[in-house]
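The basis for the numbers below is simple: all heavy atoms, side chains too, and nothing from hydrogens, waters or symmetry mates.
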Number of protein chains: 2
Amino acid sequence: MMNATASALRQCSIAATLSLIGEKWTILILRDVFHGVTRFDDFLRRLECSPAVLSARLKTLTEAGLLRKVGYREPGERERFEYRPTRAAVELLPVLIGLMQWGDSHMTSCGEGPVQIRSQASGKLVRAALVDEDGELVSPRDMQIVPVGPRRTEGEP
Amino acid sequence: MMNATASALRQCSIAATLSLIGEKWTILILRDVFHGVTRFDDFLRRLECSPAVLSARLKTLTEAGLLRKVGYREPGERERFEYRPTRAAVELLPVLIGLMQWGDSHMTSCGEGPVQIRSQASGKLVRAALVDEDGELVSPRDMQIVPVGPRRTEGEP
DNA sequence: CAGTATCCTGAACGATACTG
DNA sequence: CAGTATCGTTCAGGATACTG
């Protein structure tokens with residue numbers, strides 16, 4: 001939408017998604033949203049970016065359906081706004097967690113990061129992985145890429 | 001390394017990883033590598049980017065340990081070079097596949113993309129997901145973020 | 001074939017000031 | 001508190017020409 005070429009966007013959902021969340025501050029906003037941050041001023045203090053950039057990114061994320069801006073008013077106060085993650089944002093969590101864990105493993109000296117992800121229900125550690133239709137783990141070395149394209153019958157050219 | 005601020009890099013593996021693979025062409029190079037492309041000229045034709053940019057990105061990816069540049073010589077020919085994905089690159093596959101599938105679901109009109117990912121061994125469809133220590137699927141709504149930080153004893157301030 | 005070398009443009013970002 | 005407005009810088013990327 002903002003940077004990647006039309007050709008790349010047309011052909012590649014990876015590029016399309018990255019053109020949305022790959023900008024410098026966008027991913028950090030999402031991270032903070034999942035940490036429970038909801039208000040403009042709190043983002044501003046935590047991220048230490050310019051208000052113009054923050055405003056622009058929040059707008060992009062909202063328009064893309066990743067955040068929802070809701071107004072609320074506590075009794076006796078004036079209206080405030082919250083930015084809350086949508087279902088689409090939650091569905092990005094495997095990607096965000098995968099990015100975090102890859103960086104922890106490959107880009108830090110100690111091989112671990114400052115936070116862990118756990119299941120609320122069970123308390124067990126959680127990681128991003130590949131699974132098949134039955135929920136069974138699959139090794140990343142065991143992948144094949146299959147074009148689906150315009151449907152064809154079985155024995156095509 | 002190239003764009004994100006030091007503060008962001010220090011604190012956030014998500015930002016660090018994205019500063020590496022988040023640039024416009026980098027992710028497309030990785031995609032093509034997993035499609036089996038290995039040579040400079042083939043990347044150039046498929047990506048339609050400038051050779052300077054391609055050269056720079058291949059260098060960055062090689063230095064970051066995601067690609068390995070190997071020379072080979074077929075009998076009677078001069079030396080050629082291949083760029084092959086390393087283990088670290090393979091470990092990024094869950095992220096790449098997650099990005100692709102999120103884009104397929106949320107950024108296309110039809111809700112599906114041009115390729116599917118399948119297990120070579122079983123032929124079953126594969127997707128990126130969150131699993132716990134025992135390999136059981138966990139819902140992205142069921143996450144908690146737990147600081148590990150400098151270790152402390154149980155009942156800290 | 002596999003790159004380097006240059007020049008140029010656009011836009012993302014930082015800093016700062018201002019407003020309802 | 002929650003932004004908008006403006007200005008200047010930097011840098012990724014496009015186009016093109018050149019080289020071993």
Side-chain angles (χ1 to χ4, degrees), chain A residues 1-9 15 18-29 32-33 37-64 67-84, chain B residues 1-9 15 18-29 32-33 37-64 67-84:
Chain A
M1 175 172 292
M2 344 221 55
N3 50 15
T5 59
S7 73
L9 288 176
L18 269 182
S19 80
L20 176 60
I21 67 163
E23 282 161 309
K24 184 172 169 181
W25 294 110
T26 307
I27 199 80
L28 298 173
I29 292 172
D32 280 359
V33 161
V37 178
T38 63
R39 280 157 52 171
F40 194 91
D41 213 50
D42 293 330
F43 286 115
L44 206 55
R45 267 193 301 274
R46 291 175 55 102
L47 296 177
E48 297 178 309
C49 69
S50 89
V53 170
L54 177 60
S55 177
R57 292 296 155 269
L58 288 173
K59 194 163 295 179
T60 305
L61 284 171
T62 304
E63 285 166 4
L67 297 181
R68 199 172 3 125
K69 180 179 181 177
V70 294
Y72 68 101
R73 185 192 302 264
E74 290 174 22
E77 304 230 356
R78 63 181 176 73
E79 191 170 27
R80 299 288 177 75
F81 297 99
E82 286 186 325
Y83 294 89
R84 296 229 168 249
Chain B
M1 175 174 293
M2 343 224 56
N3 49 16
T5 59
S7 72
L9 288 175
L18 268 182
S19 79
L20 176 60
I21 67 163
E23 282 161 308
K24 184 172 170 182
W25 294 109
T26 307
I27 200 81
L28 298 173
I29 292 171
D32 280 0
V33 161
V37 178
T38 63
R39 280 157 53 170
F40 194 91
D41 213 50
D42 292 331
F43 287 116
L44 206 55
R45 266 193 301 275
R46 290 175 56 102
L47 296 177
E48 297 180 309
C49 68
S50 90
V53 169
L54 177 60
S55 176
R57 293 295 155 269
L58 288 173
K59 194 163 295 179
T60 304
L61 284 171
T62 303
E63 285 167 3
L67 296 181
R68 199 172 3 125
K69 180 180 182 177
V70 294
Y72 68 100
R73 184 193 304 266
E74 288 174 22
E77 304 230 355
R78 63 180 178 72
E79 191 170 24
R80 300 288 177 75
F81 296 99
E82 287 187 325
Y83 294 89
R84 296 228 168 252

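Mapping B:R80 and A:V53 onto DNA chain C via the closest heavy atom, the residue that lands nearer the 5' end is B:R80.
Listed by chain and residue number, A:D41, A:D42 satisfy the side chain to side chain contact (heavy atoms under 4.5 Å, CB included) test with A:R45 (two or more places apart in sequence, or in another chain). For the side chain to side chain donor-acceptor pair (under 3.5 Å) test, residues two or more places apart in sequence or in another chain that qualify with B:R84 are B:E82. Residues passing the side chain to side chain contact (heavy atoms under 4.5 Å, CB included) test with B:K69, sequence neighbours excluded: B:F81, B:Y83. For B:S55, the side chain to side chain contact (heavy atoms under 4.5 Å, CB included) partners two or more places apart in sequence, or in a different chain, are B:F40. B:V53 pairs by the side chain to side chain contact (heavy atoms under 4.5 Å, CB included) definition with B:W25, B:S50, B:R57, not counting sequence neighbours. For B:R80, the salt bridge (Lys or Arg N to Asp or Glu O under 4.0 Å) test picks out B:E77, with sequence neighbours left out. Evaluation of the salt bridge (Lys or Arg N to Asp or Glu O under 4.0 Å) rule for A:R39 yields no partner, not counting sequence neighbours.
Separating the CG atom of A:L67 from the P atom of D:dG3 is a distance of 12 Å, rounded to the nearest angstrom. The separation between A:L54 atom CG and D:dG3 atom C1' is 9 Å, rounded to whole Å. With rounding to whole Å, B:R46 atom CZ is found 18 Å from C:dC1 atom C1'. In this entry the distance linking NZ of B:K24 with P of D:dG14 reads 4 Å, nearest Å. Distance A:L28 CG to C:dC13 P: 11 Å, rounded to the nearest Å. Taking atom CD on A:E82 and atom P on D:dC1, their separation rounds to 15 Å, with Å as the unit. Regarding A:R57, its CZ atom lies at a distance of 15 Å from the C1' atom of D:dG3, rounded to whole Å. At whole-Å resolution of the value, CZ in A:F81 and P in D:dT4 are 11 Å apart.
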Close N/O contacts between protein and nucleotides 6-8 of chain D (under 3.5 Å):
none

Restricting both atoms to N or O, compile the protein contacts to nucleotides 17-20 of chain C shorter than 3.5 Å, with distance only.
none

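Under 4.0 angstrom from either OP1 or OP2 of D:dT4 there lies at least one side-chain N or O belonging to A:K59. Distances shorter than 4.0 Å separate none of the side-chain N or O atoms of B:S55 from OP1 or OP2 on C:dG3. Contact annotation: A:Y72 does not reach the phosphate of D:dC1 (side-chain N/O to OP1 or OP2, under 4.0 Å).
Contact of the B:L54 side chain with the B:I29 side chain is registered, since non-hydrogen atoms from C-beta on lie closer than 4.5 Å. Taking the side chain as every heavy atom from C-beta outward, A:D32 and A:L28 never approach each other to under 4.5 Å. The side-chain heavy atoms of B:T60 and B:T26, taken from C-beta on, include no pair separated by under 4.5 Å.
Taking all atoms of both residues into account, the shortest heavy-atom contact from B:F43 to B:L58 is CE1-CD2, 4.3 Å. Considering all non-hydrogen atoms of both residues, A:E23 and A:L20 come closest at OE1-O, 4.0 Å.
Within the 4.0 angstrom heavy-atom criterion, no nucleotide atom of any strand lies near A:F43.
Distances from the side chain of A:F40 to the nucleotides D:dG3, C:dG3, C:dC13 place D:dG3 closest. Here the side chain of B:W25 is nearest to one of D:dG3, D:dG13, C:dG3, namely D:dG13. Residue B:S50 places its side chain closer to D:dA15 than to any other of C:dG3, C:dG14, D:dA15. The side chain of A:E23 has C:dC13 as its nearest neighbour among C:dC13, C:dA2, D:dG14. You'll find that the side chain of B:D41 is closest to C:dC1, out of C:dC1, C:dA15, D:dG14.
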Review point. DNA chain D in dot-bracket, Watson-Crick or G-U pairs under 3.5 Å, [ ] crossing, | other strand?
Key: ||||||||||||||||||||
